[in-house]
Amino acid sequence: MADIIQLLPDHVANQIAAGEVVQRPASVVKELLENAIDAKATNIKLLVKDAGKTLIQVIDNGCGMSVTDARLSFERHATSKIRSADDLFQLNTKGFRGEALASIAAIAHVELKSKQEVDDVGTHLVIEGSDVISQEVTVTPVGTSIAVKNLFFNIPARRNFLKSNQVEFRHITDEFQRVAMAHPNVSFLLIHNGSELFNLPVSNFRQRIVNIFGSKTNERLVPVNEDTEVLKISGFVGKPEFAKKTRGEQFFFVNNRFIKSGYLNHAINAAFEGLLKDGTHASYFLNLDVPPETIDINIHPTKTEIKFDDEHTLYAIIRSAVKHSLGQFNIAPILDFERDANLDTPYGYKNKHAETPKIEVDRTFNPFQDKPSSGTQQSASFKSKSSGNWEGLYVDLESKGNKKQDLSNFEDIPFESTTKTSSLFEESTVEKSKTTFQLHNKYVISTIKSGMLVLDQNKAHQRVLYENYLQQLTLKESVSQQLLFPVLLHFSAHEIDIIKQVKGDLEHTGFIFSKFETDAVEISGVPINVPESEVNDVLEQVISDIQNDVPDSHFSAMDLLAKSMAKSLAIKTGQLLSNSEQEHLVNSLFACKEPNMSPNNKTTFITLSVDELDKKFN
Ligand code: ADP
Ligand code: MG
């Protein structure tokens, strides 16, 4: 048989290699930014169009390339950064594999302009799919500009595989922020579709963090510093009370290179033990300087995972350094100055305030209804509660009498809606003459014809709010509550960007945005029923949910928003509910289209029939 093995042509080999190096536009951004850093640039501009699908351009003022180097830089394994394998253990550059430019040029239209200080003129090179289209002499400033257009133009499958612009651009900002944070001594600019998103002047590490994540970050940082023979740590951790619901702000830089390490992340968690609320994650921005020969960067093609010689020691040092800093912060008197004035409100007044809206929602109240059967009143807690309400009962009677007319109209509404409810509704129709009862400030129990109903108050309320918000969003029929004084909330530029993306939808729930600044947003109206004090939490939840689960269509964006707002505003587990609130919750739940599931598909209620109860007593 004839020989069948052939060497692959270069452009095919490059395309295959490109698959490893370039997964998405953000990979190109990372490689180009790192090349600019390696070229000792002090000023780097990143221009992006359509989340990098149309254009990614990096312009630096670094050392530039000679005519020959410019041409050679696009060859595979062409690098100026290492000469022998030994150099791998003394690396102080980002790149060293000599693959990035060759890979990028294999799958895109690339245009390079570069000039060195010593040369009078520069080089202009155009390459498309590994083919050199033109190479000319040109006038250009010292440094390098590389424009990458139409990424994956010759691999349609890869191009179709790209996510929405929103997702791809988020990956780009992630890469940009990581490089920018690792090099505060370099100024950076990021422009997307003509608008400037980040303009980061040369600064120290703390200022760089604040410039990226917003001015509110400054007061939240606790410095961490430790200098040992094997490891020098410098940087910051976030104060525990500002811990985020997303893992977004967690950064390790090892010798100025962003890395991911589950093991070292664990060291931080260990240091924060007992200080964080459930479901929140510590923020950290830590520079770890280690002798280059004690790490192996070669372990991962994109170099985000590295191998340390002695991980255990690093773990111990990081944990104790962070613990030490947190301890220092805890004993600092700053705590007293930052005390929340709300904490000083007398308990009784706080309670009163929380109960105000309860009266409004009592649609089912009937002054002529029978007293609850004596059987129910056996329960001690119930008894004390209902007797406590007697006084209020007469007050209510008066006001109810006046409003009798509209009340009776309102009462009919849930019944009109029975047509759209599922069959479950009929089964579990609440007998209006019976009272409800709250168990452990967590479950609401109500009687139904066949037996009893147990509602999870948080999940049930989430369902009610979710359907409410979804309806407002789709029908665009929100009610807004104007704020007397607009509130200014601080967010990072990136977070502001996310709010802007869903601004229209947020407005349909009732938000009114009066001003956008680079790191703040002014709100002059909020959805009805959203207390002013909750606005920040609601928006943080929305941002966090969008970051975790980037919606890819308008419908899923509305759905996510409705879920997110329902989650942050629903009655919490542990919250005491008045009788009328309990009843209102039961009624509202069964007026929902899908009462049996929370927006996140958790059971909202269970029923227990008399038959089942009978069996238990046999
Ligand atoms: P690597 O960075 O691993 O060496 P690349 O393919 O990214 O490989 O780049 C190849 C070479 O091209 C680099 O080693 C460097 O000499 C040169 N080069 C790339 N980008 C720049 C730049 N922005 N300024 C100066 N030289 C550059
Ligand atoms: Mg490189």
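For this chain, numbers begin at 1 and follow the sequence in order. Remember, it's a predicted structure, so these values are computed and weren't measured experimentally. Note that ligands are numbered from 1 as they come in the structure, with each ligand's atoms numbered from 1 the same way. The basis for the numbers below is simple: all heavy atoms, side chains too, and nothing from hydrogens, waters or symmetry mates.
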Quiz item: Which residue holds the protein heavy atom closest to atom 17 (C) of ligand 1, what is that atom called, and what is the gap in Å?
Solution: Met65 SD, 3.7 Å
Quiz prompt | Identity and separation of the nearest protein heavy atom to atom 23 (N) of ligand 1 | solution = Asp60 OD2, 2.8 Å
Quiz item: Can you find an N or O of Ile146 that's nearer than 3.5 Å to an N or O of ligand 1?
Solution: no
Quiz item: Got the closest protein heavy atom to atom 25 (C) of ligand 1, with its distance?
Solution: Ala39 CB, 3.5 Å
Practice problem: Answer yes or no for Asn35: is there an N/O/S atom below the 2.8 Å cut-off from the Mg ion (ligand 2)? | Solution: yes
Exercise. Please could you name the atoms of ligand 1 that Thr144 approaches to less than 4.0 Å, counting only its heavy atoms?
Key: 22 (C), 23 (N), 24 (N), 25 (C)
Practice problem: Considering only non-hydrogen protein atoms, determine which one is nearest to atom 2 (O) of ligand 1 and report residue, atom name and distance to 0.1 Å. | Solution: Lys81 NZ, 2.7 Å
Quiz item: Hey, is Thr93 touching ligand 1 through its side chain, its backbone, both or neither, going by heavy atoms under 4.0 Å?
Solution: neither
Exercise. For the pair Asp545 and Gln541, evaluate side chain to side chain donor-acceptor pair (under 3.5 Å) and give the outcome as yes or no after the intermediate values.
Key: CA-CA 6 Å; Asp545 286 348; Gln541 184 73 52; 3.2 Å; yes
Quiz item: Would a 4.5 Å heavy-atom cut-off, applied to side chains only, mark Ile499 and Phe513 as touching?
Solution: yes
Self-check item: Value rounded to 0.5 Å, distance of CD1 in Ile297 from OG1 in Thr93
Solution: 8.0 Å
Practice problem: Would you please say whether a donor-acceptor pair under 3.5 Å links the side chains of Ser234 and Asn225? | Solution: no
Practice problem: Select one of side chain, backbone, both or neither to describe which atoms of Ser114 lie under 4.0 Å from any atom of ligand 1, heavy atoms only. | Solution: neither
Quiz item: Which residue holds the protein heavy atom closest to atom 12 (O) of ligand 1, what is that atom called, and what is the gap in Å?
Solution: Ser73 CB, 3.2 Å
Exercise. Give the residue, atom name and distance (to 0.1 Å) of the protein heavy atom nearest atom 4 (O) of ligand 1.
Key: Thr79 OG1, 2.5 Å
Exercise. Please confirm whether Arg159 makes a cation-pi placement over Phe152, using NZ or CZ under 6.0 Å from the six-membered ring centre and within 45° of the ring normal.
Key: no
Quiz item: Please state which protein non-hydrogen atom is closest to atom 16 (O) of ligand 1 and give its distance, to 0.1 Å?
Solution: Ser80 OG, 2.5 Å
Self-check item: Any donor-acceptor N or O pair under 3.5 Å, side chains Asn61, Thr42
Solution: yes
Exercise. Please determine, by modelled atom types, if Lys30 and His171 share a side-chain donor-acceptor pair under 3.5 angstrom.
Key: no
Self-check item: Any side-chain donor near an acceptor of the partner, Gln57 and Ser145, under 3.5 Å
Solution: yes
Self-check item: Contacting atoms of ligand 1, where contact means under 4.0 angstrom from a heavy atom of Ala100
Solution: 6 (O), 7 (O)
Quiz item: Only one of Lys216, Arg170, Lys500 forms a salt bridge (charged side-chain N to carboxylate O under 4.0 Å, His left out) with Glu495, so which one is it?
Solution: Lys216
Quiz prompt | Residue, atom name and distance, where the atom is the protein heavy atom closest to atom 1 (P) of ligand 1 | solution = Gly98 N, 3.6 Å
